[in-house]
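All of these numbers come straight from a predicted model, not from anything done at the bench. Sequence lines set the chain letters: A, B, ... in the order given, protein chains first and strands last, and positions in each chain run from 1. Worth knowing before you read on, the calculation uses all heavy atoms, side chains too, and leaves out hydrogens, waters and symmetry mates.
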Amino acid sequence: MPELPEVETTVRGISPYLVGNTITNLVVREPRLRWPIPESLVDHIVGRQVTNIIRRAKYILIEFESGHLLIHLGMSGSLRLTSIGESSKFHDHVDFEIGTERLLRFHDPRRFGCVLWIDGDPAEFRLLKNLGPEPLTDDFNANYLYKMSRNRKTAVKNLIMDSRVVVGVGNIYASEALFRAGIRPGTRASRISTPKYHRLVSAIKDTLNAAITSGGTTLRDFVNGYGMPGYFSQELLVYERAGKACRVCQNSISKRVIGQRSTYYCRTCQK
DNA sequence: CTTTACGCCTGACGGC
DNA sequence: TGCCGTCAGGCGTAAA
């Protein structure tokens with residue numbers, strides 16, 4: 001499932017083929033995504049040149065002079081480059097034809113993703129305006145996280161998964177980062193000290209960076225811009241390892257539900 | 001304000 | 001073999 005590293009991997013993969021090139025055709029086979037693909041999208045992008053492409057949280061923003069194309073991969077979505085004329089398969093919902101040969105194909109079996117158009121400043125768009133800082137920037141640091149945690153009764157895992165606090169930390173990497181930081185996921189956010197938040201912030205950045213380096217995590221069907229899987233799943237320390245030996249201390253990995261999400265941790269390594 | 005529950009959707013998997 | 005219930009998950013939204 002795409003988390004921040006997968007989205008980053010996708011953006012890096014497709015960027016060289018998009019920026020500076022013109023969208024020559026749009027094919028929408030299935031507009032019923034999380035929100036319907038607007039019918040006016042074709043008028044906004046066909047015949048227009050892509051000027052830039054960036055990631056914000058887990059959103060992909062493809063910039064045109066007239067506005068931004070917003071794409072979210074949901075939990076089963078992928079974007080991959082192929083060639084115009086390549087036959088489409090089940091759940092290949094949208095094709096963006098680029099120039100005369102290339103094709104960017106949006107595939108999303110579960111249709112939790114979205115393809116939308118943004119007029120004006122993307123930062124003010126309803127889906128983006130309430131987002132917290134990017135986890136890999138200096139705005140996300142121990143002092144900031146400590147301040148955000150005060151008067152919060154919720155578990156620290158919920159805190160770091162709250163997109164208003166920090167974006168891009170999904171369920172997999174939340175468990176992974178808390179393990180690396182030696183913090184139990186169920187600990188109340190307000191009872192964690194600044195030094196521990198320092199370790200947690202570092203662990204989040206390290207985990208995300210390592211996953212980006214590995215090309216993202218592939219648990220089911222994620223593929224990057226080239227249609228290749230990521231390899232970070234081989235490096236997961238606790239996620240989906242309930243009952244297996246901790247890679248550090250050999251004790252059994254525990255599993256419990258926090259915030260309606262499966263959560264994995266080591267009772268020995270995490271206090 | 002914070003916190004919680006739900007629903008969207010398909011595919012994988014286990015039990016019978 | 002097939003059917004059916006359950007789970008998985010990002011995240012916006014409604015409700016508490």
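At the heavy-atom level, A/R261 lies under 4.0 Å from base atoms of the strands shown. Heavy atoms of A/R164 sit under 4.0 angstrom from at least one base atom.
One finds no side-chain N or O of A/R110 lying less than 4.0 angstrom from the OP1 or OP2 phosphate oxygen of C/dG10. Within the structure, every side-chain polar atom (N or O) of A/R34 is placed at least 4.0 Å from both OP1 and OP2 of C/dC11. Within the structure, a side-chain polar atom (N or O) of A/Y59 is placed less than 4.0 Å from OP1 or OP2 of C/dG12. A sub-4.0 Å separation between OP1 or OP2 of C/dG10 and a side-chain N or O of A/S163 is absent. At C/dA8, one or more side-chain N or O atoms of A/K255 fall inside 4.0 Å of OP1 or OP2 (strictly under the cut-off). Within the 4.0 Å cut-off from OP1 or OP2 of C/dG12, not a single side-chain nitrogen or oxygen of A/H72 is found. A sub-4.0 Å separation between OP1 or OP2 of B/dT4 and a side-chain N or O of A/T154 is present. Proximity of A/K58 to the phosphate of C/dC11: a side-chain N or O atom is located under 4.0 Å from OP1 or OP2.
With salt bridges taken as basic N to acidic carboxylate O contacts below 4.0 Å, one links A/D162 and A/R152. A salt bridge between A/R180 and A/E176 is absent, with no side-chain N of the basic residue lying under 4.0 Å from a carboxylate O of the acidic one.
Heavy atoms only, all atoms of each residue included: A/E134 and A/F140 are closest at O-CB, 3.5 Å.
Residue A/L127 places its side chain closer to C/dG12 than to any other of C/dG12, B/dT2, B/dT4.
A straight line from CG of A/L128 to P of C/dC11 spans 11 Å, rounded to a whole angstrom.
Side-chain polar atoms of A/K244 and A/S252 form no donor-acceptor pair below 3.5 angstrom.
In this pair, A/F112 lays its aromatic ring flat on the base of B/dC8, centres within 5.5 Å and planes under 30 degrees apart.
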